[in-house]
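Remember, it's 1-based here, ligands and their atoms both numbered in the order they're listed.
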Amino acid sequence: MENWEKYSEELLAFIDKSPSAFHAAANLAAMVKAEGYLELKEEEDWEIKPGGRYFVMRNDSAVAVFSLPAQEAEQIRGFHIVAAHGDSPCFKIKEKPEMTMESRYVRLNTEKYGGMLPQTWLDRALSVAGRAVFTRDREIVTKLVNIERNLLVIPNLAIHMNREAEKGQEYNAQTDLIPLYGEVGGEHFLNRVAEAAGEAEDSLSAYDLFLYVREKGKRIGGNGEYILAPRLDDLQCAFAAMTAMAESRPAEYINLCVVFDNEEVGSGTMQGADSTFLEDVLSRIKEELGETDAWLRRRIAGSFLISADNAHAVHPNHPEKSDPTNRPYLNGGIVLKYHGGQKYTTDAATAARLKALCRKAGVPVQTYANRSDIAGGSTLGNISIRHVSLPSVDIGLPQLAMHSAVETAGAKDTAYAVRLFQTFYEG
Ligand code: CO
């Protein structure tokens, strides 16, 4: 198997076992733990040493991983940081989820999490994953939950009942997008949640549970050159960054990879990019190394942040939707993203640095800008640098159908990203 095939298989396996942001964070942490990284807890003292490798989680859904070069703190030149996000648009289960319909059907009350293409969630086997909190006596126990069965479906309305459907349809989140769970009199949904966690149902206190599509990711295309999978935005970048982190050793910089949660809903949580998470990790590294604020400020000025979040490839059926000159394609390599309004943090200085890095890594680089008459999306780079202001660049891997329940990307691009991040972390 070629190296890019290996990485695309590993990515698909990672996505398959990461149905929620909680699972993604746990699996990313497990990747580096397997390489000997030690877990630190925010509420405890940290003992960090030159040459050490560590990770810290926040809210079970964001993770920061860092490794220190062997030399003394005075010789460390700064931080090499890659940031990505682990959440994807989906549906969140509300409290009191069961809704009985004409004494026959049980449906689950849900709401949208992030901006998605809602029609892509219909007529597919769905299930539920996330975390649940149980109380036993006075003890509170949080568990990852994944109900590993084909549990739910959001059925479309037949064409005969909606003759207008072919002209395109608006979906009402409280009526059209409610999943069918089963028949009245069957096992209750919350029992299924407790059962999946191996806990008693009456001890279930609260949960953050989300729908996910049961379909596994797969290779696709005449030569297997694409991947079709859920949550490629942004698990493809998160996986590539963490793989590079696990496989590389720092030289003169402290390497750091942070995967935030809640990018799809504005990043404004304690585990999102608009939090102090990154800042807190940097200050604690400074403190534990016995260094001063001045030391940290000098290092931050000499640092570099790569914000990695997937990008739009030219669509085969809608080439006119892309910018006339900046046209990324699947399998064309790293996408460097520009935005005049600086929603992407890239500027000439940081773009040149990224291009040089790609050259050194031997990976192709393409450029992206929105059409000047299309608003485009946002990402986490410019949110994160409000808290820790340092030179940064926005990149992504090219994909189609962003925010669909299943998205399409290039099978070769994951390997390009791994190589880029490795070169960054080793340089
Ligand atoms: Co994204």
| request: Measure the acute angle between the ring planes of Phe14 and Phe239, then classify it against the limits of 30° and 60° as parallel, tilted or perpendicular. | output: tilted
| Results of ring pair (Phe, Tyr, Trp, His ring centres under 6.0 Å) for His188 - residues two or more places apart only | none
| query | If you leave out waters, which protein N, O or S atoms are less than 2.8 Å from the Co ion (ligand 1)? | reply | His85 NE2, Asp233 OD1, Asp309 OD1, Asp309 OD2
| task | Using the test side-chain contact (heavy atoms from CB on, under 4.5 Å), find all partners of Ala273 that sit at least two apart in sequence or belong to another chain. | result | Phe260, Ser267, Leu380, Ile383, Ser384
| query | Taking 4.0 angstrom as the limit, do Glu9 and Arg219 come out as a salt bridge? | reply | yes
| field | Carboxylate-amine/guanidinium contact Lys41 Glu39, below 4.0 Å | value | yes
| note | salt bridge (charged side-chain N to carboxylate O under 4.0 Å, His left out) pairs touching residues 166-180, sequence neighbours excluded, are Glu164-Lys167
